[in-house]
**Q** 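So that we are looking at the same thing, I have put the structure below in structure tokens.
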Amino acid sequence: MLTTIEWEEINQTIDFAWACCKEIHTTCYPLRKTKEDLAAGLKNGFNYVDDEVLGYFEENTLKGVINLYVERPEKYIQARVYVLNHFDKVMEELLIYLHTHYEGFEVQLGYPKENKMAIQWLKAHGYTCIEASNDLRLNVTHFKRSTKNHSYVSRLSKEDFSRYAAFHDTYTQGMYWNSTRLGEDFDNWYIHIYKDEDQILGSIFTRLCKDNMAEVFGVSVKDQTNLQKIYEALLNVAFIDILDHEAHINCIVFFIDETDPILYEEAEKIGFKYSGSYQGYLLKI
């Protein structure tokens, strides 16, 4: 049975979810490195009116925890499903719940490739993997600063955003962070562009997040013949700029598509380390 978790049950809920997070084959994204980090995320589910924390019980025993991050105007949900076993039972109950309460929504789930229990169930039920990426992390103390002068790259100003919007939407089709949402949230972003003769040839957009972290949400390049050159310039200028102006940042997260070894190599050169392999699935309710 799937039911709403009450605040009095939060400690039991955290303990169960943490048991799932400690093993790569039972965890989900975002990866939680500490129990305190996980607890903060679950407790946030009680602080926002649209978010939910659900529990799956069998004979009064907790067998699954589900954290729904709901963006109702966009009809979009990020779901974190914590299960040690019986993933099929939990997902069957969750789908019934979603069809009852969130008809017409899109729900995204993310797992490391090692969580075969979750991935095999999703594939068997016809859900498509919409993203397969290498999860890289930069501990900023290991950042290798470039001494090159990458004069083609600059940070985008709010005043120039309208001139960038068309480029962004052309090369990030299907992404949640389209130019409209990016513009509305502009102050939380560092957007850097690569220009040659007043033409935008590439961009990288990085968001300032909670917990002293930043995350790269995308790198777009128009000129595929000069990928290495443009990647190198964008990454070096962007991260030097961010770390020079945001002293509180201690980690940068970067999901790089598995089919882009050049970008992976450029990230490794400046200190990024492999942390895991992410697979994202989309459920249309």
Side-chain angles (χ1 to χ4, degrees), residues 1-72 76-103 105-125 127 129 131 135 209-211 213 253 275-283 285:
M1 180 179 69
L2 200 64
T3 184
T4 299
I5 292 292
E6 302 296 335
W7 181 253
E8 293 75 18
E9 302 170 297
I10 190 63
N11 289 332
Q12 175 193 7
T13 302
I14 292 168
D15 288 343
F16 179 89
W18 178 239
C20 299
C21 290
K22 289 192 292 185
E23 301 293 337
I24 192 67
H25 62 274
T26 54
T27 192
C28 63
Y29 269 86
L31 301 179
R32 301 297 191 182
K33 300 298 185 182
T34 67
K35 190 175 182 179
E36 291 72 23
D37 184 26
L38 170 70
L42 285 171
K43 288 177 180 178
N44 276 339
F46 292 86
N47 296 331
Y48 298 98
V49 64
D50 288 329
D51 292 352
E52 297 195 65
V53 181
L54 307 172
Y56 174 77
F57 291 85
E58 288 184 355
E59 298 179 354
N60 296 321
T61 300
L62 184 62
K63 296 288 188 178
V65 172
I66 300 163
N67 196 183
L68 301 179
Y69 289 75
V70 182
E71 299 190 31
R72 199 168 290 278
Y76 175 80
I77 298 172
Q78 284 189 8
R80 289 97 189 253
V81 181
Y82 302 98
V83 184
L84 287 172
N85 46 50
H86 303 304
F87 187 82
D88 53 344
K89 293 182 180 180
V90 176
M91 283 302 298
E92 287 164 9
E93 289 288 329
L94 176 58
L95 286 173
I96 293 171
Y97 186 88
L98 291 171
H99 280 289
T100 302
H101 298 279
Y102 296 104
E103 194 72 36
F105 278 65
E106 290 187 341
V107 181
Q108 186 164 346
L109 301 96
Y111 295 94
K113 67 179 181 181
E114 292 85 358
N115 191 335
K116 298 186 185 302
M117 172 179 62
I119 290 171
Q120 288 175 358
W121 187 93
L122 290 162
K123 287 181 176 178
H125 287 77
Y127 296 110
C129 179
E131 181 182 348
D135 173 4
C209 305
K210 299 176 182 177
D211 304 319
M213 298 174 70
V253 180
S275 178
S277 179
Y278 170 86
Q279 292 193 10
Y281 288 80
L282 190 68
L283 285 60
I285 306 303

**Q** What is the minimum heavy-atom distance between Phe16 and Lys63, and which atoms define it?
**A** CZ-O, 3.1 Å
**Q** How would you list, by chain and number, every residue that makes a ring pair (Phe, Tyr, Trp, His ring centres under 6.0 Å) with His101, sequence neighbours excluded?
**A** Tyr97
**Q** Donor-acceptor check, side chain of Asn67 to backbone of Gly45, threshold 3.5 angstrom: yes or no?
**A** no
**Q** If you measure from NZ on Lys22 to CG on Leu38, what distance do you get to the nearest 0.5 Å?
**A** 11.0 Å
**Q** With sequence neighbours left out, write down each residue that passes side-chain contact (heavy atoms from CB on, under 4.5 Å) with Asp50, or none if nothing qualifies.
**A** Val70, Arg72
**Q** For Glu92, give me all partners under side-chain contact (heavy atoms from CB on, under 4.5 Å), at least two apart in sequence or on another chain.
**A** Asp88
**Q** For Ile96, check side-chain contact (heavy atoms from CB on, under 4.5 Å) against everything at least two apart and list the hits.
**A** Thr100
**Q** If the condition is ring pair (Phe, Tyr, Trp, His ring centres under 6.0 Å), which residues does Phe105 pass it with, not counting sequence neighbours?
**A** Tyr102
**Q** Name all residues meeting the ring pair (Phe, Tyr, Trp, His ring centres under 6.0 Å) criterion together with Tyr29; count only those two or more places apart in sequence or in a different chain, and write none if there are none.
**A** Phe255, Tyr278
**Q** Measure across Leu2 and Glu93 and return the closest heavy-atom pair with its distance rounded to 0.1 Å.
**A** CD2-O, 3.8 Å
**Q** In the structure I gave you, are the side-chain heavy atoms of Tyr281 and Lys123 within less than 4.5 Å of one another anywhere?
**A** yes
**Q** Kindly indicate whether the side chain of Gln108, heavy atoms from C-beta on, has any atom under 4.5 Å from the side chain of Ile77.
**A** no
**Q** Restricting to non-hydrogen atoms, name the atom on His99 and the atom on Ile285 that form the minimum distance, rounded to 0.1 Å.
**A** ND1-CG2, 3.5 Å
**Q** Is any side-chain heavy atom of Phe46 closer than 4.5 Å to one of Val53?
**A** yes
**Q** Who are the side-chain contact (heavy atoms from CB on, under 4.5 Å) partners of Pro30, not counting sequence neighbours?
**A** Arg32, Arg80
**Q** Considering only heavy atoms from C-beta outward, does the side chain of Tyr127 approach that of Leu283 to under 4.5 Å?
**A** yes
**Q** Please list, chain by chain and in numerical order, all residues satisfying salt bridge (Lys or Arg N to Asp or Glu O under 4.0 Å) with Asp51, sequence neighbours excluded.
**A** none
**Q** So how far is it from Leu122 CG to Tyr111 OH, rounded to the nearest 0.5 Å?
**A** 6.0 Å
**Q** What I'd like to find out is whether the side chain of Leu31 reaches to under 4.5 Å of the side chain of Asp135, using heavy atoms alone.
**A** yes
**Q** Using a 4.5 Å cut-off on heavy atoms from C-beta on, say whether the side chain of Ile5 contacts that of Leu54.
**A** no
**Q** Under the salt bridge (Lys or Arg N to Asp or Glu O under 4.0 Å) rule, collect the residues that match up with Glu23, sequence neighbours excluded.
**A** none
**Q** Kindly give the heavy-atom pair with the smallest separation between Thr26 and Ala19, and that separation in Å.
**A** OG1-O, 4.3 Å
**Q** Do any pairs count as a side chain to side chain donor-acceptor pair (under 3.5 Å) and have a residue in residues 38-49, sequence neighbours left out, and if so which ones?
**A** Asn44-Asn47
**Q** Is a donor from one side chain sitting under 3.5 angstrom from an acceptor on the other, for Tyr69 and Glu71?
**A** no
**Q** Can you name the residues that form a ring pair (Phe, Tyr, Trp, His ring centres under 6.0 Å) with His125, not counting sequence neighbours?
**A** Trp121
**Q** Could you note down all residue pairs passing side chain to side chain donor-acceptor pair (under 3.5 Å) where residues 7-20 supplies at least one of them, sequence neighbours left out?
**A** Asp15-Lys35
